[in-house]
Amino acid sequence: MRILVTGGAGYIGSHTCVELLEAGHEVIVADNLCNSRKESLEMVKRITGKDVLFYEVDVTEEQVVEKIFRSHRLDGVIHFAGLKAVGESLEKPLSYYYNNLVSTMILTKMSLKYDVNRFVFSSSATVYGDNTVPFKETMKLLPTTNPYGETKAMSERILMDTVKADQSFGVTLLRYFNPVGAHESGLIGEEPNGAPNNLMPFITQVASGRREKLSIFGNDYDTVDGTGVRDYIHVVDLAKGHVMAVEKLKPGVEIYNLGTGRGTSVLELVHTFMEVNELDVPYEIRERRQGDISSYYADASKARIELGWIAEKTIEDMVRDAWRFEKKQAEGK
Ligand code: NAD
Ligand code: UFG
């Protein structure tokens, strides 16, 4: 298949390009590089030995998006492009609503116009809100605590309503839990701009000496050791889930959680990182971070049963691969 991957130069997108190419698909990337670098696509080519056609475009611009749809007979779209920093979304709500919703609407409109019936959307476990665990696709969604989360919930609704009106259109909503790690080559991985918001890139930057100390946000939650619990998933497993989803996509809407089904606490992750990589990560316990939920993880059985997908990599793989990427970054690749 020929797949348009929006946001394909980014963290999850670049790993998905690798898996798509390795599965024999053709990849066209549309990315404005607002949170990524063109070099990641060079790395994708190096890993796979295959070419990627790249358009440096903003997918909120209808005319340029239409030009891509007109120029290539596409079989599917995987829509990763979006802004994703929760804190920033509270400061710049309009940018988040504009970027994340307009992009989804334009890509949906073009998919309908050019008869592209496979649309995979990057959603997030954040749409469940503070629900009972494990999170299951059939649960009633609760409000999220920030504009970023709302853009995911709204994009899901836009896509579901579109399918209601046009039964030949096929949409798969993938709700990611906490993607971490990097490709085992160490050539692509997560490269946050400025101070990382997320736990794993913060750990790797402390380990490499780029930052002094990790702050652990709260140790008084009702969890195994008082720190927050999440379902960390290796980005390569996540990427493989996209290949299976796009290959199996049929008319209608399907929703899948992509997680491991297992929760890991902040302290467990930090200690596993230290043990596996034989490194010290200094940390201190700080107050809870506003808006954080104590604990959540996926019920990942639907993806296993229907897509045949399962997260294969362990927490040890995640911390090893995340550290390998950080080291390569420091060495200049
Ligand atoms: P990322 O920032 O690394 O990748 C997003 C890519 O989209 C970047 O390359 C960026 O330059 C591009 N982009 C943004 N707006 C664009 C626009 N208007 N036009 C063209 N390109 C644009 O983020 P990621 O972690 O790879 O996330 C990919 C998707 O998955 C996002 O939609 C994100 O919200 C979603 N998601 C991520 C996580 C996570 O923890 N990483 C969790 C759940 C969902
Ligand atoms: N944490 C720390 N210190 C840090 C960073 C995080 O203790 O420096 C803790 C958090 O309090 C939380 C856990 O580590 O308990 C994970 O936090 P992350 O920021 O890595 O991830 P979140 O679960 O808060 O959110 C992530 C993405 C969201 C996405 C969500 C989906 O950032 O965009 O996963 O599940 F919506």
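Please read these numbers as outputs of a predicted model, since none were measured by experiment. Numbering of residues begins at 1 and proceeds along the displayed sequence. Both counts, for ligands and for their atoms, begin at 1 and track the order of listing. Computed from heavy atoms alone, side chains included, the values below leave out hydrogens, waters and symmetry copies.
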| Relative to atom 13 (C) of ligand 2, which among Phe217, Tyr232, Tyr283 owns the nearest non-hydrogen atom? | Tyr232

| request: Starting from Tyr128, walk the hydrophobic network (Ile, Leu, Val, Met, Phe, Trp, Tyr; side-chain heavy atoms closer than 4.5 Å) and list everyone else you reach, by chain and number. | output: Val127, Val133, Phe135, Met139, Leu141, Phe177, Ile293, Tyr296, Tyr297

| So is there a nitrogen or oxygen of Ser124 less than 3.5 Å from a nitrogen or oxygen in ligand 2? | no

| task | List, by chain and then residue number, the residues other than Met274 in its hydrophobic cluster (Ile/Leu/Val/Met/Phe/Trp/Tyr, side-chain heavy atoms under 4.5 Å); write none if there are no others. | result | Val180, Leu199, Met200, Phe202, Ile203, Val206, Leu214, Ile216, Tyr232, Val266, Leu267, Leu269, Val270, Phe273, Val276, Leu279, Val281, Tyr283, Ile285, Ile315, Met318, Val319, Trp323

| task | List, by chain and number, the other hydrophobic cluster members for Val229, where Ile, Leu, Val, Met, Phe, Trp and Tyr join if side-chain heavy atoms come within less than 4.5 Å, directly or indirectly. | result | none

| How does Thr227 reach ligand 2, by side chain, by backbone, by both or by neither, if only non-hydrogen atoms under 4.0 Å count? | neither

| request: For Ala195 and Arg211, work out which heavy atoms get closest and say how close. | output: CA-NH2, 3.4 Å

| Residues Leu107, Phe69; criterion side-chain contact (heavy atoms from CB on, under 4.5 Å); working and verdict | CA-CA 9 Å; Leu107 288 156; Phe69 277 77; 4.0 Å; yes

| said: Could you go through Gln205 and Glu326, starting from their C-alpha distance and side-chain angles, then the distance that decides it, and tell me whether this counts as side chain to side chain donor-acceptor pair (under 3.5 Å)? | reply: CA-CA 7 Å; Gln205 292 195 7; Glu326 175 71 23; 4.9 Å; no

| query | Where's the contact between Asn198 and ligand 2, heavy-atom distance under 4.0 Å: side chain, backbone, both or neither? | reply | both

| Measuring from the heavy atoms of Tyr148, does anything fall under 4.0 Å of ligand 2? | yes

| request: Would you check, one step at a time, whether the test salt bridge (charged side-chain N to carboxylate O under 4.0 Å, His left out) holds for Glu331 with Lys328? | output: CA-CA 5 Å; Glu331 290 160 7; Lys328 281 229 180 197; 6.0 Å; no

| query | Given that the side chain starts at C-beta and the backbone is N, CA, C, O, which of these parts of Pro196 lies under 4.0 Å from ligand 2, counting heavy atoms, or is it both or neither? | reply | neither

| task | Check the pair Arg286 / Glu284 against salt bridge (charged side-chain N to carboxylate O under 4.0 Å, His left out), numbers first and verdict last. | result | CA-CA 6 Å; Arg286 301 279 296 271; Glu284 63 182 355; 3.4 Å; yes

| Which of the atoms in ligand 2, numbered in the order shown and given with their element, are less than 4.0 Å from a heavy-atom of Arg289? | 5 (C), 6 (C), 10 (C), 17 (O), 18 (P), 19 (O), 24 (O)

| said: Only heavy atoms of Tyr296, strictly under 4.0 Å: list the atoms of ligand 2 that pass. | reply: 23 (O), 30 (C), 31 (C), 34 (O), 35 (O)

| field | Side-chain (Gln167) to main-chain (Lys164) donor-acceptor, under 3.5 angstrom | value | yes

| Of the listed options Arg288, Arg230, Arg286, closest to atom 12 (C) of ligand 2 (non-hydrogen atoms) | Arg230

| How far apart are the closest heavy atoms of Ile12 and Leu238, and which atoms are they? | CG2-CD2, 3.7 Å

| query | Can you say whether the rings of His15 and His183 are parallel (under 30°), tilted (30 to 60°) or perpendicular (over 60°)? | reply | tilted

| said: Using a 4.0 Å cutoff against the non-hydrogen atoms of Asn178, which atoms of ligand 2 qualify? | reply: 21 (O), 22 (P), 23 (O), 26 (C), 34 (O), 35 (O)

| task | Counting heavy atoms only, name the option from Ile216, Leu267, Leu199 that's nearest to atom 20 (O) of ligand 2. | result | Leu199

| task | Would you mind listing which atoms of ligand 2 come within a distance below 4.0 Å of any non-hydrogen atom of Asn197? | result | 5 (C), 19 (O)

| Residues in the immediate environment of ligand 1 (any heavy atom closer than 4.0 angstrom) | Gly7, Ala9, Gly10, Tyr11, Ile12, Asp31, Asn32, Leu33, Cys34, Asn35, Ser36, Val57, Asp58, Val59, Thr60, Phe80, Ala81, Gly82, Lys84, Asn99, Ser122, Ser123, Ser124, Tyr148, Lys152, Tyr176, Pro179

